[in-house]
*Asks:* 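Please find one structure pasted underneath; my questions will follow.
On a predicted model such as this, the values are computed, not experimentally measured, just so you know. Every chain is numbered from 1 and lettered A, B, ... according to where its sequence line falls, protein lines coming before strand lines. Values below: all heavy atoms of this structure, side chains included; hydrogens, waters and symmetry mates excluded.
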Protein chains: 2
Amino acid sequence: MAATMREVAEAAGVSIATVSFVVNNSKPVAPETRRRIEEAMVRLQFRRNMVGRALASRRTRVVALVYPAIEHKLGASGMEFVTSAARTASAAGYHLVLWPISNDAAELTQLVGQGLVDGVLLMEVQLEDARVEVLRATRTPFALIGRSGDLRDLVYVDIDFDATMQDAVDHLRGLGHRSMVMVTGSQADASFRAYGPYVRAEAAFRRIAAEQGFEPVVLECEQTTQSGRAAAEQILASWPGTTAVLVFNEFAAPGLLSGLLRRGVCVPQDVSVLSVLTSTEMSTSVDPPLTAFSSPGAELGRLGVRALLRVLEGEAAPPPALLPGTLVPGSSTGPAPGGGSARERHA
Amino acid sequence: MAATMREVAEAAGVSIATVSFVVNNSKPVAPETRRRIEEAMVRLQFRRNMVGRALASRRTRVVALVYPAIEHKLGASGMEFVTSAARTASAAGYHLVLWPISNDAAELTQLVGQGLVDGVLLMEVQLEDARVEVLRATRTPFALIGRSGDLRDLVYVDIDFDATMQDAVDHLRGLGHRSMVMVTGSQADASFRAYGPYVRAEAAFRRIAAEQGFEPVVLECEQTTQSGRAAAEQILASWPGTTAVLVFNEFAAPGLLSGLLRRGVCVPQDVSVLSVLTSTEMSTSVDPPLTAFSSPGAELGRLGVRALLRVLEGEAAPPPALLPGTLVPGSSTGPAPGGGSARERHA
DNA sequence: CTGAAAGCGCTTACAG
DNA sequence: CTGAAAGCGCTTACAG
């Protein structure tokens, strides 16, 4: 169906090298010659074959998105992330393949060995990650979404947990809440042990609490509605004076909210709930809609691919990008009860 | 790094053809020769290069998943679907690339012209779909997730809307509800006009209503919480006797529920809400958790890829598969008010 | 500015 | 059972 370069060359009465030069615009070609070639390309419906090009140039222009197959919930914004990554690749003339694989090194080794991809975008990085070692050992160019423990020579983009947590705490402090409880994800699960986001968000919270002089209470909880509800119970039982809860656990947040409401606690009149790094779908599906800092999913996908492509093109590795979440107003946060707001801020 | 076939051949003292025969197990090879070759492959860490293979065999073993970039919400189960598709492809030795593209023909034409993929899995098919025409014209093997209007010679898998709606209605009838209101997605949006799922689900509902002798009330509503809430208002205002609502609109369902609750309507005591083709994340995030028929996302991805691969392998096109949703019990449905349940069923 | 030629890493008739 | 050779569709020094 589609014509080859050879056919175009014959039709235009030139060598295939010259056709290649105009297709890639890689060498000067006489105007008249170029015209003949372009005419032939259009007439014969020439489309450059990526496989031939890949073999000859040793660059496939395909990159892989590697993530854990047992998707512990990429969150509701998973598709948004992935789509944004694919479109960014596409705009640069690349393709994105999906490699949802186990966390161990064997499968990744096998896949990169096939020579299909020029580079890898690695997600859900653990602090010690066998996959990073595979990529290093095989000299596969790669970039990370997230960060491992050892950042030497790593190209990555990640969420700015410090900034996001700071913004979140500030939001609640601004409403007059003097202290707050943080609900985070469970690290009991082996695959979440030392899961970067939880570790970093909690560390940020503790640091900020120390700076602002309140006692940091941190509650771990699984990523389910049920666990969120249990967390609500525990907060009411163990820290009855709580006026604000900061949740970094998208799938527990709805349960936390309904757990409070079921106990007759009014949100936000009695207790404010602020959800951090949550999809808009989740925030708006509950009642009252959650005030939240939305996850910069699409932006991470875009920047992650961009960073990887820059490595592939041999340009200077881009500096690590850290993106904060963006406040999406809802109805689950409000002034601290007791009119403490104004007093607190001027104290 | 990775050895080539030529290097293996030299190390084993054979021709590269023979190496190819053992790698592909495509021709008989003497045991002793095979042993030498296998030893050399292991020693030199041979990994067959997919690009060379693709060029020579004219099969890339890459397939594309094509879906609308303006993702009108593949739903919360989007990642699950996509991951399942990628893993199914992987298990068969294929790779899955993501092509989130506009709905028009130009971009798809350009992409298939690159010769990167052996076939295409097409999603969100419209009743008249320019993309199907592109695939036909370019003789690109393809399979559909969903169905276009004209099914001649089409390989597809889809949700079984008839069976799912029947199950849903039966569930509510079994609880004593004599009639019900259906809330569906908005078809006002141009890109959703004649959107297969809405058309088919509504048709099934009307047919069943006629069979069972109740008046089918159908309400269109946008895919947002807000619209769901408005739908609740409208139901209470226009059809105050309603005891059961059947929602086929994942992102409106939470709003419908909270809209009822806000009006003091108890769910399920006063009104039952049954959500059809919804992700579990959504169903469980609201309070009360929704009784729902879950979307067979992962299964669709698996069967869709399988169907496409069968076409690629030149096997008989598999018969169209239609999958129903599965009932996931929640707390949003219950007996019809007025103790009608038992009476109704024996009447 | 253009072309002849080698080569990217494989597969596959064809011959023996 | 094995090998020599052509070829898949391109790119890229090299020469002129």
Side-chain angles (χ1 to χ4, degrees), chain A residues 1-38 40-41 44-62 93 95 112-118 313-314, chain B residues 1-38 40-41 44-62 93 95 112-118 313-314:
Chain A
M1 185 92 201
T4 76
M5 227 170 225
R6 176 166 304 287
E7 295 171 301
V8 171
E10 275 168 16
V14 298
S15 75
I16 62 166
T18 308
V19 176
S20 177
F21 299 154
V22 350
V23 167
N24 296 301
N25 204 25
S26 51
K27 285 204 180 176
V29 171
E32 165 58 12
T33 310
R34 154 168 270 125
R35 201 198 52 67
R36 286 210 317 280
I37 293 173
E38 282 170 345
M41 291 201 299
L44 301 178
Q45 298 206 54
F46 171 74
R47 312 219 181 266
R48 187 219 279 97
N49 181 285
M50 282 209 48
V51 180
R53 171 151 89 138
L55 190 58
S57 67
R58 265 154 257 207
R59 306 201 31 205
T60 61
R61 292 171 184 271
V62 177
H95 292 269
V112 299
Q114 296 182 162
L116 203 231
V117 308
D118 289 341
E313 309 281 357
Chain B
M1 185 89 201
T4 75
M5 228 170 224
R6 176 166 302 289
E7 295 171 302
V8 171
E10 277 168 15
V14 297
S15 76
I16 62 167
T18 309
V19 176
S20 178
F21 299 153
V22 352
V23 167
N24 295 302
N25 205 26
S26 51
K27 285 204 181 176
V29 171
E32 164 57 13
T33 310
R34 153 167 270 127
R35 201 199 51 68
R36 287 211 317 279
I37 293 173
E38 281 169 345
M41 292 200 300
L44 300 179
Q45 299 205 56
F46 171 73
R47 312 217 181 270
R48 190 226 269 101
N49 180 285
M50 282 209 49
V51 180
R53 171 151 88 137
L55 191 57
S57 67
R58 266 157 252 208
R59 305 205 24 208
T60 62
R61 292 169 182 272
V62 177
H95 292 269
V112 299
Q114 296 182 160
L116 202 232
V117 308
D118 289 341
E313 309 282 355

*Asks:* Rounded to the nearest Å, what distance is computed from the CZ atom of residue B:R36 to the C1' atom of nucleotide D:dC1?
*Replies:*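 Interatomic distance, CZ of B:R36 to C1' of D:dC1: 12 Å.
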*Asks:* What's the CZ-P distance between B:R61 and C:dC10, to the nearest Å?
*Replies:*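 The distance from CZ of B:R61 to P of C:dC10 comes to 14 Å, rounded to the nearest Å.
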*Asks:* With respect to the side chain of B:R53, which nucleotide from C:dC1, D:dC10, C:dC10 is positioned closest?
*Replies:*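 Selected nucleotide (nearest to the side chain): C:dC10.
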*Asks:* Counting the atoms with a prime plus P, OP1 and OP2 as sugar-phosphate, which does A:R6 contact under 4.0 Å by heavy atoms, base, sugar-phosphate, or nothing?
*Replies:*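 No contact.
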*Asks:* Closest-nucleotide mapping onto DNA chain D: is B:L55 or B:S15 further toward the 5' terminus? I mean the 5' end.
*Replies:*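 Its nucleotide being nearer the 5' end, the pick is B:S15.
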*Asks:* Once you round it to whole Å, what is the distance between P of C:dC10 and CE of B:M41?
*Replies:*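 Going from B:M41 (CE) to C:dC10 (P), I get 12 Å.
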*Asks:* Using every non-hydrogen atom in the two residues, find where A:I16 and A:R6 come nearest and quote the distance to one decimal.
*Replies:*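 Nearest heavy atoms, A:I16 then A:R6: CG2-CA, 3.5 Å.
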*Asks:* Do the side chains of B:Q114 and A:H95 get nearer than 4.5 Å, heavy atoms only?
*Replies:*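 Yes, their side chains come closer than 4.5 Å.
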*Asks:* Give B:V14 one of three labels, base, sugar-phosphate or nothing, depending on what nucleic acid heavy atoms sit under 4.0 Å from its own.
*Replies:*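 Touches sugar-phosphate only.
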*Asks:* Whole Å only: how far is the CD atom of B:Q114 from the C1' atom of D:dG9?
*Replies:*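 Atom CD in B:Q114 sits about 14 Å away from atom C1' in D:dG9.
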*Asks:* Contact class for B:V29 vs. all strands (heavy atom < 4.0 Å): base, sugar-phosphate, or nothing?
*Replies:*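 If one applies the 4.0 Å heavy-atom cut-off, B:V29 turns out to touch the sugar-phosphate alone, with no base involved.
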*Asks:* Apply salt bridge (charged side-chain N to carboxylate O under 4.0 Å, His left out) to the pair A:R35 and A:E32, showing each step before the final yes or no.
*Replies:* CA-CA 5 Å; A:R35 201 198 52 67; A:E32 165 58 12; 3.3 Å; yes
*Asks:* May I ask you to verify if any side-chain N or O of A:T33 is less than 4.0 angstrom from the OP1 or OP2 atom of C:dT2?
*Replies:*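 Answer is yes, contact under 4.0 Å.
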*Asks:* When the distance from CE of A:M5 to P of D:dC8 is rounded to whole Å, what number comes out?
*Replies:*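 Checked: the CE to P distance equals 15 Å.
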*Asks:* Of all heavy-atom pairs between B:L44 and B:A11, which one has the smallest distance, and what is that distance?
*Replies:*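 Residues B:L44 and B:A11, closest heavy atoms: CD1-CB, 3.8 Å.
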*Asks:* Looking at CD of B:E10 and OG of B:S15, how far apart are the two atoms once the value is rounded to the nearest 0.5 Å?
*Replies:*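 OG of B:S15 is found 11.5 Å from CD of B:E10.
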*Asks:* Using only atom types and a distance under 3.5 Å, with no angle test, would you say the side chain of B:E7 pairs donor to acceptor with the backbone of B:T4?
*Replies:*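 Checked: pair present.
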*Asks:* When Watson-Crick pairs (N1 to N3 and N6-O4 or O6-N4) and G-U wobble pairs (N1-O2 and O6-N3) count only below 3.5 Å on both distances, what is the dot-bracket string of DNA chain C, with | for other-strand pairs?
*Replies:* |||.||||||||.|||
*Asks:* Can you list, pair by pair, the side-chain donor-acceptor contacts under 3.5 Å of residues 20-31 of chain B, counting residues two or more places apart and other chains?
*Replies:*
unit_1	atom_1	unit_2	atom_2	d
B:S20	OG	B:N24	ND2	3.2
B:N24	OD1	B:R48	NH2	2.7
B:N24	ND2	B:S20	O	3.1
B:N25	OD1	B:R34	NH2	3.1

*Asks:* Nearest to the side chain of B:P28, which nucleotide is it out of D:dT11, D:dG9, D:dC1?
*Replies:*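 For B:P28, the side-chain atoms sit closest to D:dC1.
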*Asks:* Please list, pair by pair, any protein nitrogen or oxygen found under 3.5 Å from a nitrogen or oxygen in nucleotides 12-16 of chain C.
*Replies:*
unit_1	atom_1	unit_2	atom_2	d
C:dC14	N4	B:K27	NZ	3.2

*Asks:* Does a side-chain heavy-atom distance below 4.5 Å link B:R47 with B:M41?
*Replies:*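 A side-chain contact is absent here, since even the closest heavy-atom pair is not under 4.5 Å.
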*Asks:* From the options B:D118, B:V51, B:L55, select the one residue that forms a side-chain contact (heavy atoms from CB on, under 4.5 Å) with B:T60.
*Replies:*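 The residue from B:D118, B:V51, B:L55 that satisfies side-chain contact (heavy atoms from CB on, under 4.5 Å) with B:T60 turns out to be B:D118.
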*Asks:* Measure CG/A:N49 against C1'/D:dC8 and give the value in whole Å, please.
*Replies:*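 In whole Å, D:dC8 C1' lies 9 Å from A:N49 CG.
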*Asks:* For a quick check of understanding: with a heavy-atom distance under 4.0 Å over all strands, which category does B:R47 fall into, base, sugar-phosphate or nothing?
*Replies:*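 Touches sugar-phosphate only.
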*Asks:* Establish, with yes or no, whether the OP1 or OP2 oxygen of C:dT11 is under 4.0 angstrom from a side-chain nitrogen or oxygen of B:R48.
*Replies:*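 Answer yes for this pair, as a side-chain N or O of B:R48 is under 4.0 Å from OP1 or OP2.
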*Asks:* Would B:R53 and B:R61 count as a side chain to side chain contact (heavy atoms under 4.5 Å, CB included) here? Give the steps.
*Replies:* CA-CA 10 Å; B:R53 171 151 88 137; B:R61 292 169 182 272; 3.2 Å; yes
*Asks:* Could you check which of D:dA4, D:dC8, D:dC10 has an atom nearest any side-chain atom of B:R58?
*Replies:*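 That would be D:dC8.
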